[in-house]
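Notes follow the structure.
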Amino acid sequence: MGSTSAENTENGTAGVGRRDLIKRSAALGLISVPTMSFLSACASSGGDDSGDKAKAGKKTAKNPLGVNETAGMEFVLFDGGFGKEYAEDAVKIYEKNFPEVKVKFSATQKIQSTLQPRFNQGTPPDLIDNSGAEQMDMGVLAGKNQLTDLTPLMDAPSYDDPNKKVRDTLRPGIVEMGRLDGDPVWIMYYAYTVYGVWYSQKALDSLDEQYPQTWDQMLAVCEKAKKKGMAGWTYAGKYPYYLPFSLYPMIGKVGGVEVLDAIDNLEPNAWKHPAVKACFDAYYELYRKGYILKGTPGLDHIQSQTAWAKGKALFIPNGSWVENESANVIPKDFDLAVSAPTGIDSSDKMPFGTIWASGGEPFIVPAKAKNGAGGMEQLRIMLSEASSKNFTSKVKSLTAYNGGTDGITLTPGLKSGVAALEKAGDNVVNPRMQDWYVQLQKEKIGVSGLGEMMAGRLTPAEAIKKIQAFADETAKDTSIKHYKHQ
């Protein structure tokens, strides 16, 4: 999440949730008390720092954003499951294109605590990968005018083809995700995450089973696995907001995308839709029948992924970063695969193959950046075909660039993710809860709702009632900026 990036997501850091997104994110950090003081400071930091900003450079075909060719540029990356090599490689291209410039590059897992004082002082970096457990709330940042509108980047000539704008080289939905609401583009989601149910094809073959398309088939496969000493499912019990990576698209499949939109829009009684109840009941049945790996509620994302990779559980809800994040524990003959979520039955509104895929790894350029044009130019470089291929080759994930896989030998998980996207076609959903309402998604829906239900401490009906109350509370909170699907 997220972010995003649930995924959003959270890039391989112990004790961290989704990267995203995402989303994260997709699979998108928890907003802590210090963050709130940071946001208050942002709101009141005011002042004109234009004197500190780099002067605009001359716009040319090779420098369409008018980057100052002698001004320094600072880039802070989230140091997670994608690593930092892909970004360092892109920085080298920036420095080659602007030989008088030395980029100040750093990577940290502590985005909020590292950058909070600098936002407060009006001296933020020029480009930030705003991901991880300490992700800053982008909805609030945009609402407090702390972000640069990236529309000039979207409208700039692409790095590879001057006849194509950057926006025309991106995967569907990427620009819209970065908008939040209205026309400005506040966020550039660089990774492209496929969310779903991840498993070992080898393990499934050993059961002489295909991936289940209906819930009765899912229960039958889990029962077969249980008899062979393997749990059906595990998940990040300490971070149960991983469960929506498969649960949300299942709700969309069963009830239609409008159910997910109503949930995102915080509409009254959205969580009481019959599709939500059907899917909650289905997941609760995994617990009730003993198909969840024993001890799962006490596992973090790394521990649950390790247990799964070691064959202790068949299925795990996750995002496509899991292949890179768990590379050191996934056996060579694991044959990693991902599927869109299992549905209920033939009455589902959307076909099998309906999947959640969206932008993850959110990059932002602060409004008070000294060299915002430089930050955008670094993103333009990263959105080239060569940089995209470099990212995909090194971290086993797609990027927002619509392509970048030609000539690359795809890893099993990445190959499966591409196949899942092809199977889905237009049946791709993109829930925005983890981008729009981080605390609601993680602390309340995830930990207090789904986590309690899957641990057997709440019934599905009780969980739905509790989550609907959380959503209503957020809808009525005037201190929170609210968003709606357009």
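Just so you know, these numbers come straight off a predicted model, no measurement behind them.
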Under 3.5 Å, side chain of [X] to main-chain N/O of [Y], donor-acceptor pair present?
X	Y	value
Gln305	Ser326	no
Glu209	Leu204	no
Asp348	Met350	no
Ser416	Pro412	no
Gln468	Ala270	yes
Ser387	Ala90	no
Asp160	Glu385	yes

inquiry  = Under the rule for ring pair (Phe, Tyr, Trp, His ring centres under 6.0 Å), what residues qualify as partners of Phe280, not counting sequence neighbours?
reply    =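 Expected list: none.
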Indicate the ring-plane relationship of [X] and [Y], choosing parallel, tilted or perpendicular according to the 30° and 60° boundaries.
X	Y	result
His301	Tyr242	tilted
Tyr483	Tyr437	tilted
Tyr284	Tyr287	tilted

Listed by chain and number, what are the side chain to side chain contact (heavy atoms under 4.5 Å, CB included) partners of [X], not counting sequence neighbours?
X	value
Glu176	Arg179
Thr342	Tyr211, Pro212, Trp215, Met218
Pro172	Asn402
Ala220	none

Would you mind checking if [Y] and [X] are paired as a salt bridge, meaning a charged N to carboxylate O distance below 4.0 Å?
X	Y	answer
Asp281	Lys277	yes
Lys465	Glu462	no
Asp168	Lys165	no
Glu473	Lys444	yes

ask   = Tell me, do Val322 and Ile316 make a side-chain contact under 4.5 Å, heavy atoms counted?
value =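 No, every pair of side-chain atoms sits at 4.5 Å or beyond.
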message = Test side-chain contact (heavy atoms from CB on, under 4.5 Å) on Tyr235 and Leu299; report intermediate values, then the result.
response = CA-CA 8 Å; Tyr235 58 91; Leu299 302 179; over 6 Å; no
inquiry  = Between Phe391 and Tyr401 (judged by ring centroids, cut-off 6.0 Å), do the two rings come close enough to count as a pair?
reply    =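 No, the ring of Phe391 stays outside the 6.0 Å limit from the ring of Tyr401, centre to centre.
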query = Crowded around Lys312 NZ? As in, over 12 foreign heavy atoms under 6.0 Å?
reply =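 Counting other residues, nucleotides and ligands, NZ of Lys312 stays at 12 neighbours or fewer.
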ask   = Can you name the nearest heavy-atom pair linking Trp186 to Leu147, along with the distance?
value =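 Result for this residue pair: CZ3-O, 3.2 Å.
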query = Testing Phe315, Tyr199, Trp233, Phe334 for ring pair (Phe, Tyr, Trp, His ring centres under 6.0 Å) with Trp308, which one passes?
reply =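 Between Trp308 and the candidates, ring pair (Phe, Tyr, Trp, His ring centres under 6.0 Å) is satisfied uniquely by Phe334.
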ask   = Got a sec, which pairs hit salt bridge (Lys or Arg N to Asp or Glu O under 4.0 Å) with one end in residues 333-343, sequence neighbours left out?
value =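 Listed by first then second residue: Lys202-Asp333.
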ask   = Can you list the steps and then say if Phe245 with Trp198 is a ring pair (Phe, Tyr, Trp, His ring centres under 6.0 Å)?
value = CA-CA 10 Å; Phe245 298 154; Trp198 293 79; over 10 Å; no
